[in-house]
A.B. asks: 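Dropping a structure here in structure tokens format, bear with me for questions.
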4 protein chains.
Amino acid sequence: MSKDNKKPQGRPRSIAAHQAILKAALELLAEIGYERMSIEAIANRGKVGKTTIYRRYSSKEELVADAIESIREEVVIPDTGNFWGDIDALIENAAGITFNPLGRQAVTMIISSASSNSEFAQIYSTKYLQPRREAFTVVIERAKSRKEVRVDLDANFVFDVMSGMMLYGLIFPPISESWEEYVRHAVEAIIN
Amino acid sequence: MSKDNKKPQGRPRSIAAHQAILKAALELLAEIGYERMSIEAIANRGKVGKTTIYRRYSSKEELVADAIESIREEVVIPDTGNFWGDIDALIENAAGITFNPLGRQAVTMIISSASSNSEFAQIYSTKYLQPRREAFTVVIERAKSRKEVRVDLDANFVFDVMSGMMLYGLIFPPISESWEEYVRHAVEAIIN
Amino acid sequence: MSKDNKKPQGRPRSIAAHQAILKAALELLAEIGYERMSIEAIANRGKVGKTTIYRRYSSKEELVADAIESIREEVVIPDTGNFWGDIDALIENAAGITFNPLGRQAVTMIISSASSNSEFAQIYSTKYLQPRREAFTVVIERAKSRKEVRVDLDANFVFDVMSGMMLYGLIFPPISESWEEYVRHAVEAIIN
Amino acid sequence: MSKDNKKPQGRPRSIAAHQAILKAALELLAEIGYERMSIEAIANRGKVGKTTIYRRYSSKEELVADAIESIREEVVIPDTGNFWGDIDALIENAAGITFNPLGRQAVTMIISSASSNSEFAQIYSTKYLQPRREAFTVVIERAKSRKEVRVDLDANFVFDVMSGMMLYGLIFPPISESWEEYVRHAVEAIIN
DNA sequence: GAATAACCGAGACGGTACGTCAAGTCTTGGT
DNA sequence: ACCAAGACTTGACGTACCGTCTCGGTTATTC
């Protein structure tokens, strides 16, 4: 049990090639978007053979999923000592990821493939959503013990409402307020 | 002087062809989905030349947008005499559109193009969302006059939260509850 | 027998349209050549409906044949009183028609369609070749009576050799000499 | 240092595909002719992707030129010991190439493109005409040394007259005689 | 330290679909 | 019955990518 049951013979896969692929993919994703970007273009930009890409990924989705995953940051659970301070930090963090060109592409992509193809929503769900959901839970439990919120408040539900608003705001931006304010507004209304 | 500044010469565009295109597009949309469906396939199924399609629409998006618009139904403002009765009717109606194969495709598509391309979100926003938003407003105003809800309740905000939940639920279906229940849950939490 | 057995009813065909078609066709023929010129382009340039063209001609060949015929000039039988003077005049005349941009197009076109399609070669043969062949015959008969050439000289044969050389020279221009000289050279050799 | 400055990378072009293209092109050329034959049809018949054709040739002309070149046979200089025997052999050989369905297509095509486009006339001229011209020269030189023809006879000129007659006969077939006889007739007239 | 096996880039392969163009036909309203 | 305009179906065009398949050449183990 000390070794994996694989003994890869021959030349190992080039790390340089791997990184060139991801770099090219992320660049193109930000520049022209998921739909319009081709495997061929990624290969050209990364100075990499198409074969080298197909050896690693069997679809554009898989590739891009990996590329996006590669830039994921660690979620830090805020601890400002105050419930709304913590919540604002979480909202801000989520917004920072969602509302920028690349994040937008990522979310858009996840959404468009989600219903038919799990591959993508899966990654988003487990790698992005889950850690944030847990951070939310911690923050709310802490607030409960400080009697800042009612004890029967469902952390998951609050998280879902926040996420829903974020998603909605991404697609149909509110006119008067900023995204963050609008989302916070919703969270407030739920928690009251 | 009240005439339109157009006097269309030549053979008018065939209504039969127009309908055949929309019909074929909707069928294919439901059968194989937006991404995998080709203009060529629409032309073949509709027994129509590709040119005839391109004369009307300059992109697949435009075509599908029109096709979806063509099946839009009238929004009926419910009047059950009771606030939650009305709200449930509206949620059910919205869910009926969103959570079925074709509606799912439509929404998915709208979402995936929304951020970059206004064309689509525009139609969705003005043709689908707006009438429902107005229905919501009417229902809530009525409830206010019946003292069922507090007078400072923001109808638009409630609508946005509901829409956000719907969207979110479309992508990451809740496990325990049904979509409608989950959405209603959120609306309740906001209104109380 | 004073009337033709046709009594065309309704509006007669527009002469203006007819001429516009021929004019446009000839212009395009000279500008871009037979192959690259489209009925559509002729219609546009002549400010004429495509229908109007198709009502008159059932093919591009037919149209162009008519257009070319429309600019045909009368063949004048030269009479310089001297055999070689006459022959030179005929050669020069034929060369003038053959070796200019439009004539070149015409001949090229005739050639390219001749083997498969008689339509064109027919017109060329009867309208251009035949009158010249007859002129040749007259000139040679005259020379015979003047004892300038031997009496058993076959006028048709001389004409065919001249035409062949002209054709050949059109396609593979001689390097050292001019076309006319080369053709005359051949005629001389035959007649000796 | 004597190596070619090319080191072709990647998968080499398939010889099988190349031949399939030429075969299909020649078949279609003979069956339906140059004008009516499409790249698409060649691709289908040859079980080859259109791309594979376009990678090799940038136009139908280029393709067909290559196809025709591929079936060129070696010119054998006849040596019957007798001038007219040799000449007849050469005429017969040239006629054999010119007056058959495929040859006719080839020549027709060469002619129709010759004036504007050198590509085609070039190949015909260097690959077909030139070797035959040389054979003619050899045969005539031999005849000169045997005193069968006058020493100042210009071999090139004789060849040009023969070619011209051949061309002419291809387009406007003589009525009474066969092509070969008519051409021979002309050669006789020149030489005597 | 040579063999081996999987890698690498480049690029050709048979395909599908693209969006454009022109063909020849049909259908308007207007002479 | 004609006309210009502009629709219609059909079919080929040449291009871009797809995912697969050779090539000649490299690069780390394993024998």
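Here is how names work: the chains are called A, B, and so on, in the same order as the sequence lines, proteins then strands, and each is numbered from 1.
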A.B. asks: With rounding to the nearest 0.5 angstrom, report the CD1 to CD distance, C:I32 to C:E35.
C.D. replies: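 It is 11.0 Å, given to the nearest 0.5 Å.
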
A.B. asks: Round to the nearest Å and state the distance from B:N44 atom CG to F:dG11 atom P.
C.D. replies: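 It is 11 Å, rounded to the nearest whole Å.
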
A.B. asks: Has D:R56 got a side-chain atom pairing as donor or acceptor with D:T52's backbone, closer than 3.5 angstrom?
C.D. replies: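 Between the backbone of D:T52 and the side chain of D:R56 there is a qualifying donor-acceptor contact (under 3.5 Å).
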
A.B. asks: Assuming nearest nucleotide by heavy-atom distance, tell me which of D:G10 and C:A41 is located more 5' along DNA chain E.
C.D. replies: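 Per heavy-atom nearest nucleotide, the more 5' residue is D:G10.
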
A.B. asks: Just how far, in rounded Å, is C1' of F:dG19 from OH of A:Y57?
C.D. replies: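 Rounded to the whole Å, the gap is 17 Å.
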
A.B. asks: Mind calculating the distance between CZ (B:R13) and C1' (F:dG6) to the nearest angstrom?
C.D. replies: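 Those two atoms, CZ and C1', are 9 Å apart.
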
A.B. asks: At less than 4.0 Å, is any side-chain N or O atom of A:R56 found next to OP1 or OP2 of E:dC8? Yes or no.
C.D. replies: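 Result: yes.
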
A.B. asks: Once rounded to the nearest 0.5 Å, what's the spacing between atom CD of D:E62 and atom NZ of D:K60?
C.D. replies: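 Going from the CD atom of D:E62 to the NZ atom of D:K60 covers 14.0 Å.
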
A.B. asks: Counting side-chain heavy atoms from C-beta on, which of F:dC2, E:dC13, F:dG6 comes nearest to D:R11?
C.D. replies: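 From the listed options, E:dC13 comes nearest.
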
A.B. asks: Which ones in residues 14-24 of chain A lie close to DNA chain F, meaning a heavy atom under 4.0 Å from one of its atoms?
C.D. replies: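 Here the set is empty: none.
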
A.B. asks: List the atom pairs, donor and acceptor, that lie under 3.5 Å between side-chain atoms in residues 19-29 of chain A and the rest of the protein, sequence neighbours left out.
C.D. replies:
| unit_1 | atom_1 | unit_2 | atom_2 | d |
| --- | --- | --- | --- | --- |
| A:K23 | NZ | A:E27 | OE2 | 2.8 |
| A:E27 | OE1 | A:R45 | NH1 | 2.8 |

A.B. asks: Output the residues of residues 46-55 of chain D in contact with DNA chain E, where contact means a heavy atom of the residue under 4.0 Å from an atom of the strand; sort by number or write none.
C.D. replies: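 Hits under 4.0 Å, by residue number: D:K47, D:V48, D:G49, D:T51, D:T52, D:R55.
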
A.B. asks: Could you state the interatomic distance from CD1 (C:I53) to OG (C:S59), rounded to the nearest 0.5 Å?
C.D. replies: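 C:I53 CD1 to C:S59 OG: 12.0 Å, rounded to 0.5 Å.
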
A.B. asks: Roughly, in whole Å, what's the span from CD in B:E62 to P in E:dG19?
C.D. replies: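 After rounding, the gap between these two atoms is 12 Å.
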
A.B. asks: Answer yes or no: is there a side-chain heavy-atom contact under 4.5 Å between D:Y54 and D:I39?
C.D. replies: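 Side-chain contact under 4.5 Å: yes.
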
A.B. asks: Rounded to the nearest 0.5 Å, what separates atom CD in C:E40 from atom NZ in C:K50?
C.D. replies: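 Taking CD in C:E40 and NZ in C:K50, the distance rounds to 4.0 Å.
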
A.B. asks: Quickly work out the B:Q9 CD to E:dT27 P distance and round it to whole Å.
C.D. replies: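 Roughly 19 Å, once rounded to whole Å.
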
A.B. asks: Just how far, in rounded Å, is P of E:dC21 from CD of D:E40?
C.D. replies: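 Interatomic distance, CD of D:E40 to P of E:dC21: 17 Å.
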
A.B. asks: Give, for atom OG of D:S14 and atom CZ of D:R55, the distance between the pair rounded to the nearest 0.5 Å.
C.D. replies: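 Here the rounded value is 10.5 Å.
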
A.B. asks: Taking atom P of F:dC17 as reference, at what distance in whole Å does atom CZ of B:R36 sit?
C.D. replies: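 My rounded result for the distance is 22 Å.
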
A.B. asks: How long is the straight-line distance from CD of C:E69 back to NZ of C:K127, given to the nearest 0.5 Å?
C.D. replies: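 Here the rounded value is 3.0 Å.
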
A.B. asks: Starting at CD1 of B:I39 and ending at P of E:dC18, how long is that distance when rounded to a whole Å?
C.D. replies: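 It is 6 Å, rounded to the nearest whole Å.
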
